[in-house]
Amino acid sequence: MRGPDSYLESGGAQLRFRDEGEGEAVVFIHGWTLDLEMWDAQAAEFSGSLRVIRFDRRGHGLSGGHPGHEPDQRDLEALLDHLRVARASVVGMSQGARTAMSFALRLPERVASLVLDGPPDLAAGTGRDPEFPINRFRELARTGGLEAFRVAWRVHPLMQLHTGDRAATELVARALARYPGLDLLDEAAPAASAMDERAIGRLQLPVLVITGERDSQARQAAADWLRHVLPQVERVQVAHAGHLPNLDNPGAYAKVLHRFLRRQSRVAA
């Protein structure tokens, strides 16, 4: 069960996942229209000392099922149960940060530490996110097809890379090409609800909040809000990076994660 693609059935969907390395477990959750391969560099970096688990959220990459924030939480729980992981650090990127936080609020005993990378405004639902005009994207997909949406989303500020690395550019393009757009084609797809600020403020877990220094003002503001609300929090910006800091500057990203995870491991010991 180590290394190559494996599949798990959860809630009627076949989910692709990879399980690499040995040691304390860390789960990586990708953002919208991306998939587990966005974490290739981090898997290579961390699997020598940690157990790295990553999966395609349902309706993304090579996973089946219909996308949804509530099913994502259940899928993460099912994956940890399947792999017999009682407790893991959880890294969530962008939309995946919403899943990571929701999971930590519901099952804090399963989370050793939490990393929120480029989080949206968690106090607002997805229907109120000005950077995420889902209705416009749905109309574009309906009238022009998914390729028209992909063209528009590819040039959106949240998808822009600030690195000249060709492999990173190709990785993002491949992920976007695999994205089936089921949540765009279904106008009845539920939006994520706003999270309770008081519940977030009671979360007794070590949390790292990351943004690229060139990420949007809205994402910087959301990260700063979390810095003030969470009781145990560290706030870091990754230099020379936008909304995809693990791809823009993987070396700096790895150093930030290594430092945080090592510190939590020492505390737990």
> To the closest 0.5 Å, what do you measure between CZ (Arg142) and CG (Asn135)?
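Interatomic distance, Arg142 CZ to Asn135 CG, rounded to 0.5 Å: 11.5 Å.
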> Would you call the rings of Trp39 and Tyr253 parallel, tilted or perpendicular, taking 30° and 60° as the class edges?
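Because their plane-to-plane angle lies in the 30° to 60° range, the rings of Trp39 and Tyr253 count as tilted.
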> With clusters defined by side-chain heavy atoms of hydrophobic residues (ILVMFWY) lying less than 4.5 Å apart, directly or transitively, does Leu15 cluster with Met93?
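No, separate clusters.
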> Could you check whether any side-chain N or O of Glu77 sits under 3.5 Å from a backbone N or O of Phe103, counting only pairs where one atom can act as donor and the other as acceptor?
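No, because the side chain of Glu77 does not come within donor-acceptor range (under 3.5 Å) of the backbone of Phe103.
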> For Ala104 versus Leu205, what's the shortest heavy-atom pair and its separation?
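So the minimum-distance heavy-atom pair works out to CB-CD1, 4.0 Å.
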> Verify, without hydrogens or angle tests, whether Arg18 (side chain) and Pro4 (backbone) share a donor-acceptor contact under 3.5 angstrom.
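Not at all, since once roles are kept as given, no pair shorter than 3.5 Å links the two residues.
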> Determine, using the 4.5 Å side-chain heavy-atom cutoff (strictly less than), whether Leu146 and Leu62 are members of one ILVMFWY cluster.
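No, Leu146 does not connect to Leu62 through the hydrophobic network.
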> Where do Glu37 and Arg54 come nearest, in terms of heavy atoms and distance?
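For Glu37 and Arg54, the tightest heavy-atom pair comes out as CA-NH1, 4.0 Å.
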> For a quick test of reading the model, state the closest non-hydrogen atom pair linking Arg87 to Ala25 and the distance between them.
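That would be O-CB, 4.3 Å.
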> Given the rule in the side chain to side chain donor-acceptor pair (under 3.5 Å) test, do Arg235 and Gln220 qualify, once you have shown the distances and angles that lead to the verdict?
CA-CA 10 Å; Arg235 168 82 166 93; Gln220 305 289 6; 2.8 Å; yes
> Would you say the rings of Tyr179 and Trp32 are close, in the sense that their centroids are separated by under 6.0 Å?
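Yes, ring centres under 6.0 Å apart.
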> Look only at the side chain of Thr211 and the backbone of Glu213, and say whether a donor-acceptor pair between them is shorter than 3.5 Å.
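Such a contact is absent between Thr211 side chain and Glu213 backbone.
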> Are Val151 and Phe149 connected in a single hydrophobic cluster, I mean Ile/Leu/Val/Met/Phe/Trp/Tyr linked by side-chain heavy atoms less than 4.5 Å apart?
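Per the 4.5 Å side-chain linkage, Phe149 and Val151 are not co-clustered.
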> Which heavy atom in Arg110 sits nearest to a heavy atom in Val85, and how many Å separate them?
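It is NH2-O, 2.8 Å.
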> Does His30 have its ring centroid less than 6.0 Å away from the ring centroid of His60?
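So the answer is yes for these two rings.
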> Could you tell me whether the side chain of Asp248 and the main chain of Leu161 form a donor-acceptor pair under 3.5 Å?
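Not a single qualifying donor-acceptor pair exists.
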> Looking at Ala88 and Leu80, what are the two nearest heavy atoms and their distance?
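Looking at all heavy atoms of both residues, the shortest contact is CB-CD2, 4.3 Å.
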> Any non-hydrogen side-chain atom of Thr163 less than 4.5 Å from a side-chain atom of His240?
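No - every pair of side-chain heavy atoms lies 4.5 Å or more apart.
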> Hydrophobic cluster membership, with links at side-chain heavy-atom distances under 4.5 Å among I/L/V/M/F/W/Y: are Leu36 and Leu171 in one?
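Different clusters: Leu36 never reaches Leu171 through Ile, Leu, Val, Met, Phe, Trp or Tyr contacts under 4.5 Å.
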> Should Ser113 and Arg263 be marked as a side chain to side chain donor-acceptor pair (under 3.5 Å) after you check the CA-CA gap, both sets of side-chain angles, and the distance that decides it?
CA-CA 10 Å; Ser113 62; Arg263 186 184 308 121; over 6 Å; no
> Is a side-chain donor or acceptor of Asp72 paired with a backbone partner of Thr99 at a separation under 3.5 angstrom?
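The answer is no, because no donor-acceptor pair under 3.5 Å joins these two groups.
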> Could you pull out the closest heavy-atom pair between Ala97 and Pro120, with the gap in Å?
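Between these two residues, the closest heavy atoms are CB-CD, 4.4 Å.
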> Are Gln42 and Leu50 side-chain neighbours, meaning at least one heavy-atom pair lies under 4.5 Å?
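With C-beta onward as the side chain, the pair stays apart.
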> Let's go through Gln95 and Arg57 carefully: what are the C-alpha distance in whole Å and the side-chain angles of both, what is the deciding distance for side chain to side chain donor-acceptor pair (under 3.5 Å) to 0.1 Å, and is it a yes or a no?
CA-CA 11 Å; Gln95 198 180 79; Arg57 293 163 48 215; 2.4 Å; yes
> Are the side chain of Arg58 and the backbone N or O of Asp75 linked by a donor-acceptor pair below 3.5 Å?
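A pair under 3.5 Å: no.
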